[in-house]
Enquirer: 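Okay, here's the structure, questions in a sec.
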Amino acid sequence: MKTAQDIVLAPVITEKSMAATADKKYTFKVAKDAGKIEIAKAVEELFDVKVAKVHTISVRGKLRRQGRYQGYTAAWKKAIVTLKPESKGIAFFETMT
């Protein structure tokens with residue numbers, strides 16, 4: 001059984017994800033084998049909020065070059081978590097804006 005810290009790995013801090021925090025949508029990097037229900041339970045446990053829905057995206061690795069050598073960055077999974085309207089926001093993201 002995975003813990004909540006094993007499922008939710010890191011927040012994703014971009015202009016687009018920070019703009020979505022106004023609509024109570026928060027973006028996280030999550031474990032590749034985690035499902036939507038697991039992600040929702042982990043976010044509720046970690047941040048003490050109520051989750052309305054979860055969208056997941058599998059992000060492919062990008063081709064990167066350094067001189068004549070090339071390779072791919074690691075593929076990862078992203079989750080966009082929408083909170084219920086009556087739920088409070090996540091304090092970590094609120095301090096960023």
Side-chain angles (χ1 to χ4, degrees):
M1 180 76 183
K2 287 189 168 193
T3 63
Q5 289 85 1
D6 292 334
I7 295 171
V8 177
L9 302 177
V12 176
I13 308 298
T14 62
E15 285 185 41
K16 187 175 180 179
S17 68
M18 295 311 291
T21 59
D23 299 329
K24 292 196 174 189
K25 293 184 179 182
Y26 300 95
T27 308
F28 298 98
K29 182 177 182 178
V30 296
K32 287 177 79 172
D33 60 344
K36 291 182 180 186
I37 296 170
E38 290 176 319
I39 294 167
K41 288 180 182 177
V43 169
E44 286 178 350
E45 181 183 329
L46 286 173
F47 301 107
D48 193 32
V49 293
K50 299 291 182 194
V51 174
K53 58 184 169 179
V54 177
H55 293 282
T56 58
I57 301 108
S58 292
V59 181
R60 291 190 308 172
K62 293 184 179 178
L63 180 66
R64 294 289 184 216
R65 292 185 46 183
Q66 288 195 348
R68 64 180 184 176
Y69 302 104
Q70 66 183 15
Y72 285 90
T73 59
W76 54 287
K77 191 172 189 177
K78 175 168 59 172
I80 300 172
V81 178
T82 305
L83 302 183
K84 292 185 178 178
E86 66 271 5
S87 178
K88 63 180 177 69
I90 296 175
F92 174 79
F93 287 95
E94 302 302 325
T95 59
M96 302 282 291
T97 57

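We're numbering straight along the sequence, starting at 1.
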Enquirer: Write down the atom of Val8, the atom of Ala42, and the distance for their closest heavy-atom approach.
Expert: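 Of all heavy-atom pairs spanning Val8 and Ala42, the closest is CG2-CB, 3.9 Å.
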Enquirer: Testing the basics here: between Ala31 and Lys2, what is the closest heavy-atom pair and its distance to 0.1 Å?
Expert: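 Shortest heavy-atom separation between Ala31 and Lys2 comes out as CB-NZ, 3.9 Å.
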Enquirer: For Lys88, does the NZ atom have more than 12 heavy-atom neighbours from other residues, nucleotides or ligands under 6.0 Å away?
Expert: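 For Lys88, atom NZ is crowded (more than 12 foreign heavy atoms under 6.0 Å).
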Enquirer: Would you indicate whether Lys77, at its atom NZ, is surrounded by more than 12 heavy atoms from other residues, nucleotides or ligands within a distance under 6.0 Å?
Expert: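 Enclosed: over 12 neighbouring heavy atoms sit under 6.0 Å from NZ of Lys77.
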Enquirer: Taking all non-hydrogen atoms of both residues, which atom of Pro11 and which atom of Phe92 are closest, and how far apart?
Expert: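 Scanning both residues, the minimum pair turns out to be CG-CE2, 3.5 Å.
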Enquirer: In Å and rounded to the nearest 0.5 Å, what is the NZ to CD1 distance from Lys41 to Ile7?
Expert: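 Answer rounded to 0.5 Å: 9.5 Å.
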Enquirer: I'd like to check the side chain to side chain donor-acceptor pair (under 3.5 Å) partners of Ser17; sequence neighbours left out, ordered by chain and number.
Expert: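 Once residues adjacent in sequence are excluded, the partners of Ser17 under the side chain to side chain donor-acceptor pair (under 3.5 Å) criterion are Thr14.
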Enquirer: Quick one: does Thr21's side chain get under 4.5 Å of Tyr26's, heavy atoms only?
Expert: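 In contact.
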Enquirer: Show me the donor-acceptor pairs, under 3.5 Å and distance only, between side chains in residues 45-71 and residues at least two apart or in other chains.
Expert:
unit_1: Arg65; atom_1: NH2; unit_2: Gly67; atom_2: O; d: 3.0

Enquirer: Between Met18 and Phe93, what is the shortest heavy-atom contact and its length?
Expert: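 Nearest heavy atoms, Met18 then Phe93: CE-O, 3.8 Å.
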Enquirer: May I ask whether Val12 and Ile80 are part of the same hydrophobic cluster, defined by side-chain heavy atoms of I, L, V, M, F, W, Y residues being less than 4.5 angstrom apart, directly or through others?
Expert: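 Yes; tracing contacts between hydrophobic side chains, which count when under 4.5 Å, links both residues.
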